[in-house]
Each structure stands twice: as C-alpha cells, then as structure tokens.
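The structure under discussion appears below in the form of structure tokens.
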Protein chains: 2
Amino acid sequence: MGITRIHIKRNSDTFELRRCQIFTEILNLYIQTATPVGSRTIARRLRNSLSPATIRNIMADLEEMGYIEHPYTSAGRVPTDQGYRYYVNVLMQESHLTKDEEETIRTVYERHWTELEEIIGRASRLLSEVSNQAALVLFSGVSRDIFKRIALILLDSSSNRLLVVFVSASGLIRNYKVELPEPIEDIQLERLNRLLNQELEGLPLSQIEYHLKRRMMMEQGSLYYNLFKQALAMIKATILTSKEERLWLEGTSRVLEQPEFREVARTRELLHLLEEKEPLLELLRQDLEQDQRCRIYIGSEMENKAMKWYSLVTCSYKIGNRVIGTVGILGPTRMEYSRLVALVDRMAGLLGKVISQMGEL
Amino acid sequence: MGITRIHIKRNSDTFELRRCQIFTEILNLYIQTATPVGSRTIARRLRNSLSPATIRNIMADLEEMGYIEHPYTSAGRVPTDQGYRYYVNVLMQESHLTKDEEETIRTVYERHWTELEEIIGRASRLLSEVSNQAALVLFSGVSRDIFKRIALILLDSSSNRLLVVFVSASGLIRNYKVELPEPIEDIQLERLNRLLNQELEGLPLSQIEYHLKRRMMMEQGSLYYNLFKQALAMIKATILTSKEERLWLEGTSRVLEQPEFREVARTRELLHLLEEKEPLLELLRQDLEQDQRCRIYIGSEMENKAMKWYSLVTCSYKIGNRVIGTVGILGPTRMEYSRLVALVDRMAGLLGKVISQMGEL
DNA sequence: TTTAGCACTCATTTTGCCAGAGTGCTAAAT
DNA sequence: ATTTAGCACTCTGGCAAAATGAGTGCTAAA
C-alpha cells in the first residue's frame with residue numbers, strides 16, 4: 001500500500017520515472033559488477049542529484065514492489081527475477097550490435113559449408129564467443145520439413161538390402177538402410193522410386209503417412225496396391241521413425257568464469273544441468289511452436305528448479321517461414337538482456353538464411 | 001647411491017619385493033583416498049609387520065628413485081608421474097570387469113541403432129558412467145575406409161545439381177551435393193555411375209585419386225577419357241575433401257567431482273582443456289596409427305602442459321582389422337589404471353563389433 | 001520532501017592459536 | 001646390519017575472536 005499512498009499524494013509520473021531510472025541503474029550496475037549495489041553508489045552515479053538517503057527510500061519502495069531485494073540485512077540491492085522481468089518487458093530499450101559483433105557473427109556466411117553440422121557448430125561457437133555466455137542451438141529440422149526427393153539404391157547384388165536416400169525441401173539429406181523381407185526386382189524398384197517421387201513431392205512429412213494410406217485405399221485391387229503398400233512400409237521404416245533433433249552446446253566454461261561461480265557447488269550444479277540435455281531441449285522445443293521474435297526465460301520462471309539462477313534468451317530460425325530450430329544463450333540471470341536479445345535475433349536470422357542457401361544448392 | 005649400497009649388501013630380491021609392495025600400497029591408497037599417505041597408515045595396512053620408521057626409510061628410498069614425492073615437508077607421500085608409469089608398466093596386474101560392469105557395457109549392443117552417431121554417443125555415455133571419469137570417443141572412419149558403392153542422383157530437373165551418395169565398406173554413408181559446371185545427360189550420368197562403381201570397388205579411399213588418374217592416362221584419346229575426368233573432379237569435390245572426424249566427449253562433470261577439484265582454478269583449467277578439442281584430437285589420432293591393445297598417457301608425459309594433472313587411457317576400435325577410431329578415458333593421474341584399461345579395452349572391442357554389424361546390414 | 005546523522009547489522013577478512021599428521025634424525029635394541 | 005623407538009620439528013587445516021567496512025533503517029532537522 002506504500003504504492004497507492006504515493007500514487008495519491010504525488011505527481012506519480014515523475015515519481016515513477018525516477019524510480020525506473022534508479023532501478024535501471026541498479027540493474028545495470030549489478031549486471032556489470034555482480035556485487036549488490038548500495039545507495040551511495042547510485043547517488044554518485046546520479047551526480048549526487050539525490051542523496052543516498054533519498055535513494056534508500058526509493059530502494060525501499062522498489063523492494064516492496066518486488067523488483068529488488070537484499071541478500072542480507074545490510075548488503076546492497078540485487079534485482080529479483082521479477083525485477084529482471086519488469087526490465088525486459090517494460091524498461092529495456094532495443095539495442096543494436098556493434099560493428100565488430102556484426103562482423104564476427106557474419107562469418108557464419110563464409111561459405112565453404114557443405115555440412116549442416118558444420119554450419120550449426122560454427123554458429124554456436126560464434127554465439128558463445130560474442131555473447132560470452134553458453135550458446136545452445138537446437139536443430140529439429142526434419143520433423144516439420146517437406147518432402148522433396150527420394151532415391152532407392154540397391155546396396156549389393158543380393159538385392160534385398162536397400163539404401164534409402166531422402167532429400168527434404170530444406171536441402172537436408174538423410175540416409176537409411178532397410179532390409180526388405182524379400183528381394184525386389186530392378187524394374188519394381190525403379191517403379192517404386194518414380195511413384196514415391198511423384199506422389200510425395202511437396203508434401204509435409206507429417207502428411208506422408210496419411211497420404212499414402214489414402215492412396216492405398218483408392219488403388220485397392222489395382223496392381224499399384226502392392227507398390228503403395230511397400231512404399232508405406234519403407235517410408236515408415238525410415239523417414240517417419242527418425243526423430244532428427246540435435247542440440248549443440250558451446251562455451252559452458254564462459255559461464256563458469258562469471259563471478260557467481262566462485263563456489264564450486266554452483267559449478268557442479270550448472271554442469272549437471274547442462275549434461276542432462278532433456279530439460280533444455282524441453283525449453284527450446286517450446287519455441288518451435290510459437291513464432292515470436294525472441295523469448296526470454298528468467299530464472300525461477302522456468303519449471304526446472306536447477307534453472308533458478310540462469311536465464312535463457314532464445315529465438316527460432318527458419319527456412320522461408322518454416323521454423324527449423326532454435327538458437328539460445330544461457331547465462332546467469334544477471335545478463336545483458338538487451339544486447340543478447342539483439343544478438344540471438346540476428347544469429348537466428350543469419351543461420352536461417354545460410355541453411356536456406358545450402359538447401360538451394 | 002643409497003640404492004647401489006643396498007644392492008651390494010642385501011638380498012636385493014626380497015628387498016625389491018618389499019619396496020614394490022609398499023609402493024603399490026601407497027599408490028592404491030592414494031588412488032582411493034586422494035590424500036597423501038603416511039608411514040603409519042602403511043604400517044597398519046601391513047598388519048604392523050614393519051614399523052612406521054622402517055616404512056619411512058623405504059619411502060625415502062622410493063622418493064630417491066623418483067616414484068613418490070612430498071607435497072611439502074611433512075605430509076604423506078604421493079606417487080609421481082614416473083611412479084604411475086612404473087606401476088603401469090611393471091607392477092600392474094590385469095584386471096577384469098565385474099559382472100555388473102560387463103552387463104552395463106554390453107547395452108551398446110541393444111540394437112535399434114541406425115545411426116552411427118547414436119551408437120557412439122551411447123558408447124561414450126556408458127564409458128563415462130562405468131568409469132566415473134570423462135569419456136572420449138574419436139571417430140575417424142572414412143579417411144582410412146574402403147570404397148564400396150557410389151550413387152549419383154539428379155537433384156532436380158535443371159540437371160546440373162547432383163547428389164552424390166557414397167557408401168564405404170564399413171557401412172558408412174555420406175552425401176555430398178555438387179554443382180556441375182554444365183548439365184549432364186541422363187545417359188551420361190548413368191554411365192558415369194556404372195563406371196565409378198566398377199572401377200573403384202574395394203579400393204582404399206587413399207588410392208582412389210591415383211587410380212583414377214592412371215586410368216585417365218590409359219584412356220587418353222578414347223571416349224572414356226572425358227568420363228574419367230568428370231569422375232575424378234566429382235570424387236575430388238566430395239569424398240576426398242571430407243575430413244570425417246568427430247569427437248564425442250561425455251561426463252566432464254564426473255571428473256570435476258573428484259576431490260582434486262576443490263579449488264575452482266583447477267576446474268576452469270580442465271574445462272578449457274576440454275573445450276579446446278584440438279589437443280585431445282592430436283593425442284587420440286596417434287592411436288590410429290599404432291595398433292596396440294591399450295595406451296596410457298600419464299600427466300606430464302603429454303606435451304600439452306595443461307594435461308599435467310590428467311591421465312588418458314585409450315584404445316582404438318576397428319572394423320575387421322581396419323582401425324576406425326579411438327575410445328578413451330580421461331581423469332586425474334590418480335586413477336584406477338588397471339580397471340580402466342580393462343574397461344577401455346572391452347569397450348573398444350564392443351564398439352568395433354557393433355559398428356561392423358551395422359555396416360553389414 | 002529531502003537530507004544528514006547515528007546506531008546497528010551482518011558478511012568478509014585478518015589474525016592468532018592449536019591439534020594433528022607426518023617427517024628426519026639419532027640412538028638404542030635386536 | 002637392520003629395525004625400532006623417541007624426539008624435535010614442520011606444515012596444514014580448522015576454529016574462534018577481533019577488526020573492518022559497506023550498507024541499512026530510522027529519526028530529526030532542513
């Protein structure tokens with residue numbers, strides 16, 4: 001109710017403004033120094049336009065609002081997760097990459113890339129380097145991809161071991177080996193090959209099964225029926241079973257160099273967190289669904305208790321308008337949100353483009 | 001010279017024996033407890049068959065020989081790298097895996113594996129889990145592999161973008177996209193395809209270039225000449241340029257849980273060491289050359305200064321008798337060499353087998 | 001409404017101290 | 001000739017008391 005009182009008695013606008021200013025100051029200082037910031041420091045930063053005592057009053061307000069807190073009775077203030085959230089949602093101003101950062105990032109473009117893996121690996125290293133935090137890149141391409149081409153290749157003369165090569169619209173190539181229950185004739189194989197390519201071109205992978213089943217129904221009795229049946233079996237054994245999802249993680253040690261990791265316990269904790277990839281995947285996967293610019297998860301906002309001390313800034317990347325993965329930066333909640341958002345956003349954009357180009361080739 | 005004196009005057013055999021016994025005791029105790037071991041402790045372990053004072057004398061000998069050392073004036077003894085080396089080369093007895101370990105390891109066999117990556121990932125996780133150290137797996141397959149089959153697939157109607165699928169004798173499949181300088185006719189492509197498969201079957205990759213060049217010379221003037229030329233260009237653009245080498249690293253946090261990492265500095269150091277993959281690769285690559293059972297690198301024996309505190313136990317794995325990679329365990333020099341050698345050896349064997357089987361399918 | 005002053009709190013650092021583990025040496029015992 | 005007991009000495013690690021100092025909350029004055 002301290003707040004309401006204030007609202008009634010004062011020009012709440014300028015008041016609000018000043019509070020924000022001081023809050024931002026605390027936040028920035030804390031992000032820089034990693035030590036709780038006290039009233040005196042703030043006063044100095046504001047060129048003594050206000051005395052420490054006044055600042056203290058305001059700080060008390062901010063604390064009441066839940067934006068900052070004391071680690072202990074007489075330490076400086078530290079932003080709470082709620083505080084960071086407020087900053088991120090309301091106060092934060094869009095920031096731009098420096099020339100340098102931009103240039104560094106752009107080196108993902110240096111193309112002699114042939115392997116998707118290499119590109120993504122590079123991207124994650126760059127991201128970690130520029131952010132000076134840990135970088136995550138999720139690639140989840142194939143699952144939401146579109147069929148482009150398939151090739152069936154006999155592996156050897158015995159004729160029932162088959163190599164299935166599958167190319168998606170994003171330009172990704174995957175292979176599968178299948179063992180047929182019985183040998184297949186060359187002509188039959190050729191037919192199957194042509195059939196699949198005709199039928200499935202442009203189809204999202206998610207619809208392939210349905211489509212083939214429907215066609216099977218239609219062709220019931222005709223001599224194509226068996227062909228479709230074989231096709232379906234094969235596709236099921238290959239493309240549809242592969243969950244193509246891979247996570248890159250780079251620069252853990254950068255996070256561990258942050259001052260909050262002076263105690264070893266924290267270090268272990270983080271290491272465990274990152275070794276268990278599932279929880280991270282969980283988070284990153286969420287972004288595949290929603291198509292926003294960037295997402296920010298702050299400490300205790302995340303389900304995983306172990307994430308309490310960390311924040312995650314993520315952004316998904318796409319080919320055309322099809323999301324194929326997520327890039328993210330993980331660090332202590334005390335991170336430069338504004339800069340990292342810009343960075344992650346940019347990287348997602350570039351990565352999408354580079355992968356698109358590779359697909360085109 | 002204490003040593004020579006002893007040699008002259010005593011029954012050196014029983015003397016040597018006792019020294020070894022005590023040294024082994026020190027080593028084992030230190031491996032277990034990670035604290036310097038003193039004369040009293042040893043005496044107790046030997047059921048007081050010798051007094052601490054005697055032990056101290058022997059310890060002094062061992063120290064003079066360079067097998068153990070003091071961290072400071074009045075602490076217990078700790079094995080030196082030279083000491084570990086002596087143990088490993090001379091004293092160590094072959095150890096066997098427990099039923100439990102064996103069973104755990106064997107789960108790499110659980111086959112629903114289709115992807116090489118998955119198998120190796122699994123293997124490295126198992127290795128780390130059972131050893132309770134960090135596990136490394138290098139896969140360097142293709143470079144020393146043998147040609148089995150190639151398939152050229154037109155990617156689309158424009159006819160100058162080609163997908164090259166390459167299958168090696170180990171059963172590894174790799175794809176490359178190439179853009180031809182000019183479109184190629186279907187018939188020509190078909191011919192090229194057949195030609196390559198005929199010519200190169202069974203050839204080690206390292207010889208492909210030479211072989212094709214020689215054939216080109218032979219066919220000079222004939223209408224095959226151009227075909228070979230195209231073939232060579234394509235192979236060069238694809239198989240020969242790919243350096244297929246990948247490193248898995250698992251369980252870093254396990255090493256960090258060792259008591260030697262109470263100081264944070266060590267932790268960072270190790271983390272950096274592991275993030276820089278090149279030095280590790282260097283070491284693991286060496287094993288590809290020599291075909292020994294197991295290799296052990298102890299601390300300062302390794303060039304890399306940062307490795308001073310760590311040991312590495314490695315063993316290469318093969319398809320048939322062709323080495324295709326290396327598995328290894330990394331931990332503090334204070335590690336259970338005997339157990340880990342058994343473990344690494346076993347895992348290398350299993351991994352080779354599993355990958356071979358996969359190739360056969 | 002802001003500021004100065006003061007008493008108080010609590011984390012951190014410093015210091016000193018002690019116990020414990022272990023050594024090396026010497027002299028006695030076997 | 002070896003082994004052992006005894007003793008003086010060294011160094012670590014832990015603990016507690018004391019000093020430090022940054023920062024607060026509250027009150028009263030500006």
I need the CD-C1' distance between A/Glu69 and D/dG25, as an integer number of Å. 18 Å
Would you say the rings of A/Tyr84 and A/Tyr337 are close, in the sense that their centroids are separated by under 6.0 Å? yes
Would A/Glu260 and A/Arg266 pass as an ion pair if we require N to O under 4.0 Å? no
Which residue, B/Gly76 or B/Asn57, contacts DNA chain C at a nucleotide closer to its 5' end, judged by nearest heavy atom? B/Gly76
Between C1' on D/dT2 and CD1 on B/Ile58, what's the gap in Å once rounded to a whole number? 11 Å
Out of D/dG23, D/dG25, D/dT4, whichever nucleotide has its closest atom nearest the side chain of B/Thr54: D/dT4
With a 4.0 Å cut-off on N to O distance, would you call B/Glu257 and A/Arg268 a salt bridge? no
Provide, to the nearest angstrom, the distance between the CE atom belonging to A/Met59 and the P atom belonging to C/dT3. 15 Å
Please work out the stems of DNA chain D from pairs that are Watson-Crick or G-U wobble with both distances under 3.5 Å, keeping only runs of three or more consecutive pairs. C:1-30 with D:1-30
Could you tell me how the ring of A/Tyr86 sits relative to the ring of A/Tyr67: parallel (under 30°), tilted (30 to 60°) or perpendicular (over 60°)? parallel
If I compare all heavy atoms of A/Pro332 with all of A/Val255, which pair ends up nearest, and what's the gap? CD-CG1, 4.0 Å
Could you tell me whether B/Arg339 and B/Glu101 make a salt bridge, using a distance below 4.0 angstrom between a side-chain N and a carboxylate O? yes
In plain terms, say whether A/Glu301 and A/Arg85 are close enough for a salt bridge, that is, a side-chain N and a carboxylate O under 4.0 Å apart. yes
From CD1 of B/Ile55 over to P of C/dT23, roughly how many Å is that when rounded to an integer? 10 Å
B/Ile22 CD1 to D/dT3 C1', straight-line distance once rounded to whole Å: 13 Å
Where the side chain of A/Arg56 is defined as all heavy atoms beyond and including C-beta, which of C/dA4, D/dT12, D/dG25 is the nearest nucleotide? D/dG25
Go nucleotide by nucleotide along DNA chain D from the 5' end; which of B/Ser74 and A/His70 gets its closest nucleotide reached first? B/Ser74
Is there a side-chain polar atom (N or O) of B/Arg77 under 4.0 Å from OP1 or OP2 of C/dT23? yes
For atom OH of B/Tyr72 and atom P of C/dG22, their distance in whole Å: 9 Å
Checking contacts here: which listed nucleotide (C/dG22, C/dT2, C/dA11) is nearest the side-chain heavy atoms of B/Thr41? C/dG22
Starting from P on D/dT4, measure out to CG on B/Leu46 and report it in whole angstrom. 11 Å
With a cut-off of less than 4.0 Å, is there a side-chain N or O of B/Thr73 near OP1 or OP2 of D/dC11? yes
Applying a 4.0 Å non-hydrogen cut-off, can you work out what A/Ala53 is touching in the nucleic acid: base, sugar-phosphate, or nothing? base
When the distance from CG of A/Leu62 to P of D/dT24 is rounded to whole Å, what number comes out? 12 Å
